[in-house]
There are 2 protein chains.
Amino acid sequence: MAHEEHKEIVQEIKANMPNADTLFELADFFKVFGDSTRIRIMCALFERELSVCCIADIVGMEQSTVSHQLRILRQENLVKVRRDGKQSYYSLEDEHIQKIFEMGLEHILE
Amino acid sequence: MAHEEHKEIVQEIKANMPNADTLFELADFFKVFGDSTRIRIMCALFERELSVCCIADIVGMEQSTVSHQLRILRQENLVKVRRDGKQSYYSLEDEHIQKIFEMGLEHILE
DNA sequence: TGAACACATGAACAAATATTCATATGTTCA
DNA sequence: TGAACATATGAATATTTGTTCATGTGTTCA
């Protein structure tokens, strides 16, 4: 490849790329899906809202581990909480999540 | 919540969850999207196939860094390579990627 | 053939991350 | 109020991960 042609291509692609900050945010967003504990938590929440101790039972991990991970999910607006007495009930924030999930499944099941 | 009711819920959800192995694979798949360098590489490849050195120029990182990341993308079947003389041209493997990308963008731009 | 180039890869290091333990916060109910 | 329970959080640790440097592999062309 000629050097000049190379430069042109690089310039053109750079110009069409989304804002760098946006791409960093996007990576942070997908990072949340990149852990099996969080994936399992989200998967459990597809069915219904659940308390923290239920989730801990389902994924077979410590309550504190689950609390930490739920905080991460909250920070990225993937889940919301509802307090009811002593318990906190978590549920999914929106339906993008399930779609992203399904697309991932489609890919790996090919 | 009564203890017995808790158990029932846990059992039911567990029964409906996908295979644990599948969820681990899914997490590994999304892990690939969870790094800004890889996101930027994929984003560049939306436009057209590119050589390694072009990609390195576009994302502003070392050639070896890009090669390492491309290997990870290859391992998860997200990109494919074509050799042409001294250069390797990378391109996206399928169109799931762009859809997943767009859904992520929709989420963070809300 | 051998020099020059493009790319791939192993080792080393630094930074980020997940988990656990211990403990703090907040709620209920006797 | 205080004991019991559910959840949240800080600190410590082990592991994973991304980047770089140095070098290996494969290709072209003089």
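Scope of the values below: all heavy atoms of this structure, side chains included, with no hydrogens, waters or symmetry mates. Just so we're clear, the structure is a prediction, and the values are computed from it rather than from any experiment.
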**Q** Under the side chain to side chain donor-acceptor pair (under 3.5 Å) rule, what do B:T65 and B:Q69 come out as? Steps first, then yes or no, please.
**A** CA-CA 6 Å; B:T65 305; B:Q69 298 301 357; over 6 Å; no
**Q** Is the distance from OP1 or OP2 of C:dA6 to the nearest side-chain N or O of B:Y90 less than 4.0 Å?
**A** no
**Q** Given the structure, check if the side chain of B:S64 and the base of D:dC21 hold any donor-acceptor pair shorter than 3.5 Å.
**A**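 Answer yes: a donor N or O sits under 3.5 Å from an acceptor.
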**Q** Tell me the interatomic distance from B:F24, atom CZ, to D:dT16, atom C1', rounded to whole angstroms.
**A**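 After rounding, the reported distance stands at 14 Å.
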**Q** Name the residue closer to the 5' end of DNA chain C, choosing between A:T37 and A:G85 according to the nucleotide with the nearest heavy atom.
**A**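 In this pair, the answer is A:T37.
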**Q** Measure from CG on B:D84 to P on C:dA6 and round the result to the nearest Å.
**A** 13 Å
**Q** Rounded to the nearest angstrom, tell me the gap between atom CE in B:M61 and atom C1' in D:dC21.
**A** 14 Å
**Q** Rounded to whole angstroms, how far apart are CD on B:E62 and C1' on D:dT23?
**A** 14 Å
**Q** Starting the side chain at C-beta, find the nucleotide from C:dC5, C:dT9, D:dT7 nearest to B:K86.
**A**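 Nearest to the side-chain atoms of B:K86, counting from C-beta on, is C:dC5.
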**Q** What integer distance in Å separates B:R71:CZ from D:dG24:P?
**A**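 It is 18 Å, rounded to the nearest whole Å.
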**Q** Identify the residue among B:R48, B:R82, B:E49 that makes a side chain to side chain contact (heavy atoms under 4.5 Å, CB included) with B:S91.
**A**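 Result for side chain to side chain contact (heavy atoms under 4.5 Å, CB included) with B:S91: B:E49.
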**Q** Any idea which of D:dT20, C:dC7, D:dA6 is nearest the A:Q87 side chain?
**A** D:dA6
**Q** Can you tell me the distance, in whole Å, between the OH atom of B:Y89 and the P atom of D:dT27?
**A** 15 Å
**Q** B:I72 CD1 to D:dT19 C1': how many Å, rounded?
**A** 11 Å
**Q** In whole angstrom, what separates A:K31's NZ from D:dT16's P?
**A** 17 Å
**Q** With hydrophobic residues grouped by side-chain heavy-atom distances under 4.5 Å, do B:L26 and B:F24 end up in a single group?
**A**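 No; B:F24 is not reachable from B:L26 via cluster members.
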**Q** Should the side chain of A:Q63 and the base of D:dA6 be counted as holding a donor-acceptor pair, with the cut-off at 3.5 Å?
**A** no
**Q** Report yes if at least one side-chain N or O of B:Q69 is closer than 4.0 Å to OP1 or OP2 of D:dT19; otherwise report no.
**A** yes
**Q** For the side chain of A:R83, counting heavy atoms from C-beta on, which of C:dA8, D:dT7, D:dT19 is nearest?
**A**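 The nucleotide sitting nearest to the side chain is D:dT7.
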**Q** Would you tell me if any nitrogen or oxygen in the side chain of B:S67 comes within less than 4.0 Å of OP1 or OP2 on C:dA8?
**A** yes
**Q** Any donor-acceptor pair, under 3.5 Å, between the side chain of A:H68 and the base of C:dT17, if you only look at N and O atoms?
**A** no
**Q** Tell me whether B:R38 contacts the main-chain N or O of A:A27 through its side chain, where contact means a donor paired with an acceptor under 3.5 Å.
**A**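 A pair under 3.5 Å: no.
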**Q** Indicate, with yes or no, if A:I108 and B:F101 share a hydrophobic cluster defined by side-chain heavy-atom contacts under 4.5 Å among Ile, Leu, Val, Met, Phe, Trp and Tyr.
**A**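 Yes, one cluster joins them.
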**Q** Under 4.0 Å, counting only non-hydrogen atoms across every strand here, what does B:S88 touch: a base, just sugar-phosphate, or nothing?
**A**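 Sugar-phosphate only.
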